[in-house]
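One-based numbering along the sequence shown. Counting convention: from 1, in listed order, for ligands and their atoms alike. Note that the structure is a prediction, hence the values are computed from the model and not measured.
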Amino acid sequence: MALHTKILLGLVVGAALGITINLLTGGTAGTEQFVSSVTEPIGRVWLNALIMVVIPLIVSTLSVGIAGLGSLKRLGRIGVVAMLSFLSLTALSTMLGLAAVNLLKPGEGLEPSVTERLMETYQGDSDAMGLAEGAFGIDLFVRIVPRNPVQAAANGEMLAVIFFALMLGIGLTIVGRENAQPLLNFLESLGHVTIAIIGLVMKVAPLGVACLIFSVTARFGFEILFNLVKYIVTVVGSLTIFFVVGYSLILWFVARRNPVEFMKRARVVILTGFSTSSSNATLPTTMRVAREELGISDAVAGFVLPLGATMNMNGTALFEGVTVLFIAQVFGVDLSLGSQLIVILMSVVTAIGVAGVPGGSIPLLMMVLGIVGVPVEGIAIVLGVDRILDMCRTTLNVGGDLVTAAVVDRFENGRRGPTSTIPE
Ligand code: ASP
């Protein structure tokens, strides 16, 4: 049986069991005990094992990728195409989300008693996830350049790690073949070993995925889902439309690839993104699929994908935009067109700084709420369903990375890979 089939099976079985337990027991202490002492630890061990190799993977592939480009001019060109693609995809998806939330107005019909209850229940969580000091703002940009790359890696500051890897790659390009070769050999070998480890970890993906989804569904408050159904439909509907229509159009017209074939080959990435809710944890899989299944060149995949997993969050930006407007509607705050433009801008900018981990966007989302004058504590209303939305937005995030890699690859290398529609 192919890996993606097994993962899908794990997802379906885990979700079905979780929902059944939830409906039968209604989330009693026994269920909680089972989830927190059995399925959640197993799921997290698997997730940890994936994230464990992300730093060596980013450092090795990004620096080798840049060295493989051969010249700084080419790096500049690819960098510009990749950034343009990231930014335009993110801006477009946010606009789609905003259009949907203005059209459907999910926040206007919500019962005040429901909001009150949700706020009471999730206030603690929102306080806990609150704004860590210096987590964003100007400081976020200053910290892109790390004083100490080892410390940045230890703290999981991905933008800083990326910056260091970029510099390493540029250094390798400058010093000339002879001087670069020993370090290049080491980094290449590190990359191979990392990929081998990921192969092993992905072998147990079906079990990991089943445990993760079971933990979410067995605990989940389906009653909240019911109350927030319009909001959820707005978020998930917009994400789906962007994934299906937006990505297909870009793949077909810009990357010149067959979208159906492309997504079929990328399904392990989609499933992994969905079940882990983490761009970082999915990166190793994205990398392998881009090279082996989609025929994207090593240099382009090695450059675009680590950057994308950290900076390109189309789904997250869309979600941020919709959620800010939803909470504004719930509280009766009228956001003018100007404020909505600020929401778009802030969603795009903050999405770059969001950590690619489950729930990574919540602290930055709270910042955007504050900036446009929407009550920050309103975040509590959506926290109860966030995990489900996180799974969906992460799927769009990782999909967007692959789409961008295909776009860059087309401009850099012309016809490539099995899904290309450009004639031989
Ligand atoms: N979980 C998302 C990701 O890893 C980030 C977020 O929106 O919370 O891509």
- Item | Sub-4.0 Å atoms of ligand 1 with respect to non-hydrogen atoms of Arg393 |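 Under 4.0 Å from Arg393, ligand 1 has these atoms: 6 (C), 7 (O), 8 (O).
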- Backbone or side chain, does any N or O of Gly360 fall under 3.5 Å from an N or O of ligand 1?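 By distance alone, the answer is yes.
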- Query: If you measure every N/O of Met313 against every N/O of ligand 1, is any gap under 3.5 Å?
  - Reply: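 The answer is no, given that Met313 and ligand 1 share no N or O pair closer than 3.5 Å.
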- May I ask whether Ala355 places a heavy atom under 4.0 Å from ligand 1?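 It does, in that a heavy atom of Ala355 comes within the 4.0 Å cut-off of ligand 1.
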Of the protein's non-hydrogen atoms, which lies at the shortest distance from [atom], and what is that distance?
| atom | value |
| --- | --- |
| atom 4 (O) of ligand 1 | Ser279 N, 2.8 Å |
| atom 2 (C) of ligand 1 | Thr394 OG1, 3.3 Å |
| atom 1 (N) of ligand 1 | Asp390 OD1, 2.7 Å |

- Item | Location of contacts on Val398 toward ligand 1, heavy atoms closer than 4.0 Å |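 It is neither; nothing of Val398 touches ligand 1.
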- Answer with side chain, backbone, both or neither: which part of Ser277 has a heavy atom less than 4.0 angstrom from an atom of ligand 1?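 Under 4.0 Å from ligand 1, Ser277 contributes backbone atoms alone.
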- Is the NZ or CZ atom of Arg393 positioned over Phe319's six-membered ring, under 6.0 angstrom from the centre and within 45° of the axis?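 Arg393 over Phe319 ring: yes.
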Cut-off 3.5 Å, side chains only: do [X] and [Y] have a donor facing an acceptor?
| X | Y | result |
| --- | --- | --- |
| Asp401 | Ser279 | no |
| Thr282 | Thr285 | no |
| Tyr122 | Asp386 | no |

